[in-house]
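Every chain is numbered from 1, with letters handed out A, B, ... down the list of sequences.
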Amino acid sequence: MPELPEVEIVKQSLNKIVKFKTISKVIVNNRNLRFKIPKNFEKSLKKKKITKIFRKSKYVIFQINFEQYLIMHLGMSGTIHMSDKGNKKNTNISFYHGRDLPEKHNHLIFFFDKFKVIYNDPRRFGFVKIMKSKDELIKYFSKLGPEPLGNKFNTNYLKQKFNKSIKNIKNSLLDQNLVSGIGNIYASEILFRSKINPLKKVENLTLSEIRKIISKTKFVLSHAINKGGSSIRDFKNVSGFKGNYQKEFMAYSRENYLCLNRGCESKIIKININNRATYYCKNCQK
DNA sequence: CCGTTAACCTGAGAGC
DNA sequence: TGCTCTCAGGTTAACG
C-alpha cells in the first residue's frame, strides 16, 4: 500500500519523534504478521535506544544501540500511530483505512518515556524483523534493486537490464529486484508521464524512452515526497497534515476521465496487468 | 533459469 | 438492513 514516497514520509515523521529515544517496553498483541514475530522480540528491544532511522525501498529501518537493526515493512495496510501517555486519543502519523483507529489491529506497541508508538495493520501483510548486525542487514537487502532516486538507477543500468527481458514495462517497474520502491500507483503515473504503453515489452524500448522512464520516475517520486505522499483515504504525517500528491494523479484511479494531456480527447482506460489495476491513455501512451 | 498465477488477510463499498 | 461480490498503495511460493 504505501510506496516509496509514503514510507519516506512515515520515516521522516518517526525521525522527529523517536530518534535518540529509549524504548521502555514493547507489547506484541498479535505475533502473526506476514512472518511470525519471534518470542525474544520484545526482550531484544527493551531499554534499547533508537540511534538512527532511515528508509530503504519500502522499508523503515531503526538502528538500535548503534549495532542492531529493526526493519519494518507496512505491507498493504500497515500504519503508524502515536499517543501521549494518558491520552487515549491516537494520532495517525501515516495513514489508515476509515475514520477511526481500528484498535483491534494494533499489533505492536512501542512504549517510550512520554508516549507510545503503535503499529496497526488490518491485513497483516506487513512485518517486522530484527537484524543482529550491519552485515546481516546488508545481506537481507542484497537482492533488492537500486533506489529509484539514486545515481545507480540510470540509463545504462536499465538498458542492460532490459536487454534480455521479455517482460512488459509495467511489471518491470514493480519488480523490486530491478528497482526498489515503486508500487502500483506510481508505476501508472510514471508511464503516463513517459508516454509509454504499460504493456510495451522492455526489449523494444528505445534509448530515449528509457531516458524518459528514468527522468519521470525521479520526477514523480520526488514530487510526491515534496507533496507529503499520496493520501488515498486518510494518510497524514506526524504534524497531522494530509499528503497531497493524489491531487496530481494523471492516470491512477482516473478510469473514464478525460486524459489530461493538452489536446487529447481520449479517456483513461483501466486494464489488469498481473492482477493489478493499470491506468493509461491509449492515445498518448505508445 | 524465467515469467506468471495464486495465495496470504481484512474491510470498504457497490449492487441487489 | 443485510447479503454477496469485487476491489485494495505488496510480496512470494509454486507452477508451467
More 5' along DNA chain B: Lys201(A) or His105(A), using each one's nearest nucleotide? Lys201(A)
Winner on side-chain proximity to Glu3(A), out of dT11(C), dG11(B), dG9(C), is dG9(C)
Go through dG3(B), dG9(C), dA8(C) for me and flag the one nearest to the Ser165(A) side chain. dG3(B)
Please report the distance, rounded to the nearest Å, between CZ in Arg276(A) and C1' in dT12(C). 13 Å
Taking the six-membered ring of Phe141(A), is NZ or CZ of Lys139(A) closer than 6.0 Å to its centre and within 45° of its axis? no
Take the protein atom NZ of Lys36(A) and the nucleotide atom P of dC8(B), then report the distance between them rounded to whole Å. 17 Å
When the P atoms of dA14(C) and dC9(B) are considered, how many whole Å apart are they? 14 Å
Per atom distances to the Lys167(A) side chain, the nearest of dT11(C), dT4(B), dG10(C) is dT4(B)
Rounded to the nearest angstrom, tell me the gap between atom CG in Asn275(A) and atom P in dA14(C). 19 Å
Any stem touching DNA chain C, meaning at least three consecutive Watson-Crick or G-U pairs under 3.5 Å, ordered by first number, would be B:2-8 with C:10-16, B:10-16 with C:2-8
Rounded to whole Å, please give me the gap between NZ in Lys164(A) and P in dG3(B). 10 Å
With respect to the side chain of Asn274(A), which nucleotide from dT5(B), dT10(B), dG3(B) is positioned closest? dT5(B)
OP1, OP2 of dG10(C) versus side-chain N and O of Asn184(A): anything below 4.0 Å? no
Measure the distance from CD1 on Ile190(A) to P on dG9(C) and round it to the nearest whole Å. 15 Å
For the residue pair Ser230(A) / Tyr186(A), report whether a side-chain donor-acceptor contact shorter than 3.5 Å exists. yes
Could you check whether Phe125(A) and the base of dC8(B) form a stacked pair, meaning centres closer than 5.5 Å and planes differing by less than 30°? yes
Nearest to side-chain heavy atoms of Ile166(A), which nucleotide of dG11(B), dG3(B), dG9(C): dG3(B)
I want to check one thing: is the phosphate of dT11(C), taken as OP1 and OP2, less than 4.0 Å away from some side-chain N or O of Lys58(A)? yes
Measuring to OP1 and OP2 of dG10(C), would you say a side-chain N or O of Gln176(A) lies under 4.0 angstrom away? no
Is the cationic atom of Lys129(A) (NZ for Lys, CZ for Arg) positioned less than 6.0 Å from the six-membered ring centroid of Phe35(A) and within 45 degrees of its normal? yes
For Glu147(A), give me all partners under salt bridge (charged side-chain N to carboxylate O under 4.0 Å, His left out), at least two apart in sequence or on another chain. Arg55(A)
If we check side chain to side chain contact (heavy atoms under 4.5 Å, CB included) with Pro148(A), which of these qualifies: Leu4(A), Val220(A), Leu173(A)? Leu4(A)
Should the pair Lys56(A) and Tyr59(A) be classed as cation-pi, given the thresholds of under 6.0 Å to the six-membered ring centre and 45° from the axis? no
Please tell me which of the listed nucleotides, dT11(C), dG11(B), dG9(C), lies nearest to the side chain of Arg34(A)? dT11(C)
Can you check the Asn272(A) CG to dA6(B) C1' distance for me, whole Å? 14 Å
Expressed in angstrom and rounded to an integer, what is the separation of Lys143(A) atom NZ from dC2(B) atom P? 11 Å
Whether Lys116(A) engages the ring of Phe111(A) as a cation-pi pair (distance to the six-membered ring centre under 6.0 angstrom, angle to the ring normal within 45°) should be assessed. no
Categorize Asp121(A) for me: base, sugar-phosphate, or nothing, with a 4.0 angstrom heavy-atom threshold over every strand shown. nothing
Nearest to the side chain of Tyr252(A), heavy atoms from C-beta on, is which of dA8(C), dG9(C), dT11(C)? dG9(C)
From OH of Tyr59(A) over to P of dT11(C), roughly how many Å is that when rounded to an integer? 7 Å
Considering only heavy atoms and no angle criterion, is a donor-acceptor pair shorter than 3.5 Å present between the side chain of Arg123(A) and the base of dC9(B)? yes
Between Lys247(A) and Asn244(A): side-chain donor-acceptor atoms closer than 3.5 Å: yes
